[in-house]
Amino acid sequence: TAELVLCPYNYVFDPGIRNALGIELGNAAVIIDEGHNVEDVCREGASFECSLKDLDEGVRELRSVVGFYSEADPALVFMELMYTWLDKHLREAKGQNRAEGRFHGGGYRKLSGPVTPGPEERLWKGEDGERALLAALCPTLASAGGNPDSLRKHALMCVDNAIRVADYTSSLRQKINNTGKSFGESSLGKCYNAAKAVRSLLTNPRDYVLYAVPDLDHPGDDGFNASRRGDSRGAR
């Protein structure tokens, strides 16, 4: 039998969408129209945005989920660490700018070319981003002066455990699906996407820019962005 599927680029290139929709590319012929747009689509698909509000809501829901499904604990640990890290750096950035008499004019800025942090923002490029996330995921070990190999090992273990339990095909997600309810699905989805993005940055740090901004999509929101580097644009 033959099947013809017409879909937007990101349905094919974004692994999260492919997994969610059950799209399998094995033994498939993929025809791409307007191929000059593929580079931007791939870069967009490899980038990730998450607000402090998303992390906070994820932590709150996962605390309830763990009360019913103890195996969700690795997802909760990861989300709590990321929330604490992001909240800390945004607070520090705000305090620094107040001390320096700087202010943030408001509005989320889209950047192109060289990426530089604005007021109340934090930016880590390449391996600096990796070091920032290692400290975020292993705060006790990092403060004790743990060596980079040990930090990396423990950080990847934390991330991989979160991915394992939050994956769409995990036994935990299957248990929740079998109840016919959506309780926990939102927070586990947020955890999975965030953990996969962090995993990608830790695996290929030189390809990414890690960007913490006080305005992500809406005024008043805090968030971070892990954006794939490219020739023509940096963090969004």
Side-chain angles (χ1 to χ4, degrees), residues 15-16 19-20 47-92 122 124 127-177 179 181-205 208 210-212 216 221-226:
N19 290 335
S47 299
F48 175 77
E49 294 178 348
C50 183
S51 72
L52 193 65
K53 180 181 178 183
D54 287 336
L55 293 173
D56 182 42
E57 290 176 347
V59 167
R60 291 174 183 273
E61 185 174 86
L62 282 170
R63 286 174 179 165
S64 297
V65 172
V66 169
F68 292 92
Y69 305 99
S70 60
E71 60 263 48
D73 188 62
L76 174 60
V77 170
F78 169 78
M79 293 289 276
E80 285 180 330
L81 288 170
M82 292 305 299
Y83 174 86
T84 300
W85 170 79
L86 180 59
D87 184 55
K88 172 180 178 290
H89 280 287
L90 287 173
R91 287 179 183 274
E92 288 178 352
R122 283 289 185 269
W124 300 266
E127 293 177 350
D128 286 341
E130 178 188 26
R131 284 189 285 270
L133 287 178
L134 291 180
L137 296 169
C138 309
T140 302
L141 188 59
S143 62
N147 66 69
D149 289 340
S150 182
L151 283 170
R152 183 176 179 79
K153 176 181 177 181
H154 283 81
L156 289 176
M157 184 182 301
C158 174
V159 173
D160 289 341
N161 285 339
I163 292 173
R164 174 177 52 81
V165 300
D167 189 274
Y168 296 99
T169 61
S170 70
S171 59
L172 173 59
R173 300 292 288 269
Q174 293 302 315
K175 284 182 182 179
I176 294 175
N177 288 335
T179 66
K181 299 179 180 180
S182 60
F183 173 66
E185 285 291 336
S186 175
S187 57
L188 287 169
K190 291 175 181 178
C191 174
Y192 179 80
N193 291 333
K196 289 288 285 186
V198 169
R199 187 61 159 89
S200 294
L201 191 150
L202 291 176
T203 304
N204 303 289
Y208 285 88
L210 184 63
Y211 193 29
L216 194 56
D221 273 359
D222 296 331
F224 77 91
N225 176 310

May I ask you to test the [X]-[Y] pair for a side-chain heavy-atom distance under 4.5 Å?
X      : Y      : result
Glu185 : Tyr168 : no
Lys190 : Cys50  : no
Pro148 : Leu134 : no
Met82  : Leu133 : yes

Holding to side-chain hydrogen bond (donor to acceptor under 3.5 Å, both in side chains), I want the full list of residues that pass it with [X], two or more places apart in sequence or in another chain.
X      : result
Lys196 : none
Asp73  : none
Asp128 : Arg131
His154 : none

Looking only at non-hydrogen atoms, find the nearest pair between [X] and [Y] and report the distance.
X      : Y      : answer
Tyr208 : Ser200 : OH-CB, 3.5 Å
Ala195 : Val159 : O-CG1, 3.3 Å
Ser150 : Leu141 : OG-CD2, 3.5 Å
Val165 : Ser170 : O-OG, 2.9 Å

[X] side-chain N/O to [Y] backbone N/O, donor-acceptor pair under 3.5 Å:
X      : Y      : result
Ser51  : Asp54  : yes
Asp167 : Ile163 : no
Thr179 : Ile176 : yes
Asn177 : Arg173 : yes
Ser143 : Pro139 : yes

Worksheet entry | Non-neighbouring partners of Lys153 that pass salt bridge (charged side-chain N to carboxylate O under 4.0 Å, His left out), sequence neighbours left out | none
Worksheet item: What side-chain hydrogen bond (donor to acceptor under 3.5 Å, both in side chains) pairs are there with at least one residue in residues 59-68, not counting sequence neighbours?
Response: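 Of all non-adjacent pairs touching residues 59-68, those that pass side-chain hydrogen bond (donor to acceptor under 3.5 Å, both in side chains) are Asp56-Arg60, Glu61-Ser187, Arg63-Glu80.
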Fill in: Ala136: side-chain contact (heavy atoms from CB on, under 4.5 Å) partners, not counting sequence neighbours
Trp85
Discussion item. Going by side-chain contact (heavy atoms from CB on, under 4.5 Å), name the residues that satisfy it together with Ala166, two or more places apart in sequence or in a different chain.
Written reply: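 Residues passing side-chain contact (heavy atoms from CB on, under 4.5 Å) with Ala166: Leu188, Cys191, Tyr192.
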Item to complete: Quickly, which of Val77, Leu151, Leu156, Val198 forms a side chain to side chain contact (heavy atoms under 4.5 Å, CB included) with Leu137? Name it, please.
Response: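 That would be Val198; it is the only one of Val77, Leu151, Leu156, Val198 passing the side chain to side chain contact (heavy atoms under 4.5 Å, CB included) with Leu137.
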Mind checking the [atom1]-[atom2] spacing from [X] to [Y]? Nearest 0.5 Å is all I need.
X      : Y      : atom1 : atom2 : value
Leu202 : Glu127 : CG    : CD    : 12.0 Å
Arg164 : Thr169 : CZ    : OG1   : 12.0 Å
Arg91  : Leu52  : CZ    : CG    : 8.5 Å

Practice prompt. Would you list the pairs meeting salt bridge (charged side-chain N to carboxylate O under 4.0 Å, His left out) in which at least one residue belongs to residues 134-144, sequence neighbours left out?
Written response: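 Sorted pair list comes back empty.
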Fill in: Pairs involving residues 141-152, ordered by first then second residue, that meet salt bridge (charged side-chain N to carboxylate O under 4.0 Å, His left out) (sequence neighbours left out)
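Residue pairs passing salt bridge (charged side-chain N to carboxylate O under 4.0 Å, His left out), neighbours aside: Glu130-Arg152.
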Worksheet item: Which residue pairs pass the ring-ring contact (aromatic ring centres under 6.0 Å, His included) test when at least one of the two sits in residues 49-75, sequence neighbours left out?
Response: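 For residues 49-75: Phe68-Phe183.
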